[in-house]
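What follows is one structure encoded as structure tokens, with my remarks underneath.
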There are 2 protein chains.
Amino acid sequence: MATGRTHRPATRSRGIPEATVARLPLYLRALTALSERSVPTVSSEELAAAAGVNSAKLRKDFSYLGSYGTRGVGYDVEYLVYQISRELGLTQDWPVVIVGIGNLGAALANYGGFASRGFRVAALIDADPAMAGKPVAGIAVQHTDELESIITGNGVSIGVIATPAGAAQQVCDRLVAAGVTSILNFAPTVLSVPEGVDVRKVDLSIELQILAFHEQRKAGEGERVALPIEGGDLEPSPGGSRGTEGERVALPIEGGAQAGPMARAGQDTGAAAGGRQQGPDGDVPAVMPA
Amino acid sequence: MATGRTHRPATRSRGIPEATVARLPLYLRALTALSERSVPTVSSEELAAAAGVNSAKLRKDFSYLGSYGTRGVGYDVEYLVYQISRELGLTQDWPVVIVGIGNLGAALANYGGFASRGFRVAALIDADPAMAGKPVAGIAVQHTDELESIITGNGVSIGVIATPAGAAQQVCDRLVAAGVTSILNFAPTVLSVPEGVDVRKVDLSIELQILAFHEQRKAGEGERVALPIEGGDLEPSPGGSRGTEGERVALPIEGGAQAGPMARAGQDTGAAAGGRQQGPDGDVPAVMPA
DNA sequence: CCATCTTTGTGCACGCGTTCACAAAGACAT
DNA sequence: ATGTCTTTGTGAACGCGTGCACAAAGATGG
């Protein structure tokens, strides 16, 4: 999901499949709710329903952690909460910095779910000098100049990027150089990072577009009359069916530009943070900061 | 991968794999950037690098849409932008409502990337009467009472839920009843919806927890000395290693409560919106609204 | 102590997604 | 027109994730 799935297929860490890891927080949430209700034990069937997954899948997931259930009874809620928390690394404190305190950054800073999961907002960082010193969610915003010292000083290893897309790669590079090895990226850009750094992506625009795809499909099925859309049958001649642009042919422009400006598009692995142009949109995260 | 992945495995719509659909917006973004730079054509290799994927994967993805490339040359940027936009349904207008105008909801309302992708914020809805009439991002917030009339009046089929978790299912039910068939959910809850309704989930907390897992793993590999963590070897006796709770045994509580309060945990498919209790966290979306 | 009943843990098969590797297609030069 | 060179489109193999179905484990009752 949210999308976001720009995660290195990675090293099947400790034998626990990535898909299972992604579901553990789901189980943890359901278990926490049960715990607060003082429910002592829960069966795989019940817990699976609460987490919205298949019970067999849940049992298989738990089997990667060890044999923590009791046949004929189920799982001990408290014990499982602890085991999953430990497996996810939530029993320790994770200082986090948020870079880019715009609409979204501020909203994230106000998120109450950090502390209880072991995450602590160590600092808020923004490039706007006017923001420096202003308190957001009870924390004074600091200027980008202090990024490195903040990271090293607090031993931060997780960074959240909520800047415009144009600044994201640059911020990312600085975070990584300062020692951050896990990044949650809200900017609509593909971040390139060195080996060993994890990046997860959250992108509202992408999620909506995926929904639109399915929505269109649903609509097109009910009334396949008035809509000449529904293409895709290997018919590459759209002609002027759409009004946006006049003529569309497969090869209107031939010739040059094979490796000229093109080469840059593909190979901006690290140093391309310089010349990004401003698009009308897509250049800011799901939520326009500042 | 942020997210959110609570998406029905679904019907392999029109032969286009779900995984491919999820990548189309990525390609579209890269292509749009090239288009703005007036780049006429692009090879699969270059475009793949820009989108952060494998070139073979990209070619296979495009092959599901049809044969839009030219061997020896590459793909025509403008034409491909159009084809993908059409496939995703972005050539038409999608009115969207945002329910829950807190920190996050407001941030989403300010998002500039809506319009250019064919999404239009038709209305902002909040349950707080004090919010009604207040302009957010240039749009007056409307009260929840008007939810149904707004949906039907504007022909809205996509809804965004940014309410606290406690209200999410209820809001979801009302949206669906009013005609919404695609939902983007920011509340940390598993939404249950009838067949035919798509739900995508975005959850900051989950993303951070997944990062923490990998982060812990990295840390545990470098110095497997001072950390007695690194467990998982089928050793289910944690003892008192953690301070939160005293003793942890696999089966501290036996006996009753097999189907009493437990049954409710699993079976709250629709009408359970009533009795949710307030947890310390996790009860609000990634960003605490209001 | 034995029988029964519940629920876990998992072997197995299936399907999707990814990747490799290459033949076919077309551009371009001569 | 022919040859060379580039790049697409895809057949095929592989690996991961999912779900079924069932044997084993343990609780519970007599």
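Numbered from 1 within each chain, the chains take letters A, B, ... in sequence-line order.
A:Glu78 and A:Ser35 share a side-chain donor-acceptor pair at under 3.5 Å. Between the side chains of B:Arg86 and B:Thr91, not a single donor N or O lies within less than 3.5 Å of an accepting N or O.
Going from atom CG of B:Leu58 over to atom P of D:dG9 covers 10 Å, rounded to whole Å. Rounded to whole angstrom, the span from the CD atom of A:Glu46 across to the P atom of C:dT6 amounts to 14 Å. Rounded to whole Å, the distance from CG on A:Leu24 to P on D:dG17 is 13 Å. What separates CG of A:Asp61 from P of C:dT8 is a distance of 14 Å, to the nearest Å. Atom P of nucleotide D:dT8 and atom CG of B:Asp76 are separated by 13 Å, given to the nearest angstrom. Rounded to whole Å, the distance from CZ on B:Arg23 to P on C:dC16 is 15 Å. When rounded to the nearest whole Å, the span between NZ of A:Lys57 and C1' of D:dG17 equals 8 Å. B:Glu18 has its CD atom 12 Å from the C1' atom of C:dC16, to the nearest Å.
Distances shorter than 4.0 Å separate none of the side-chain N or O atoms of A:Arg71 from OP1 or OP2 on D:dC22. The side chain of A:Thr70 contributes no N or O atom lying less than 4.0 Å from OP1 or OP2 of D:dG26. When the side-chain nitrogen and oxygen atoms of B:Asn54 are compared with OP1 and OP2 of C:dC20, one or more of them lie within a distance under 4.0 Å. At least one side-chain nitrogen or oxygen of B:Tyr75 sits closer than 4.0 Å to the OP1 or OP2 atom of D:dG9. Side-chain nitrogen and oxygen atoms of B:Arg59 include none within less than 4.0 Å of the OP1 or OP2 phosphate oxygen of D:dG11. Residue B:Ser44 places at least one side-chain N or O under 4.0 Å from the OP1 or OP2 atom of D:dT8.
When the nearest nucleotides of DNA chain D are assigned to B:Phe62 and A:Ala56 by heavy-atom distance, the more 5′-ward of the two goes with B:Phe62.
For B:Asp203 and A:Arg29, the salt-bridge test passes: some basic side-chain N is under 4.0 Å from an acidic carboxylate O.
Going from atom CZ of B:Phe119 over to atom OG of A:Ser205 covers 7.0 Å, rounded to the nearest 0.5 Å.
Taking the six-membered ring wherever Trp is involved, the centroid distance between the rings of A:Tyr68 and A:Tyr75 does not fall below 6.0 Å.
Remark: the A:Lys60 side chain and the D:dG19 base include a donor-acceptor N/O pair separated by less than 3.5 Å.
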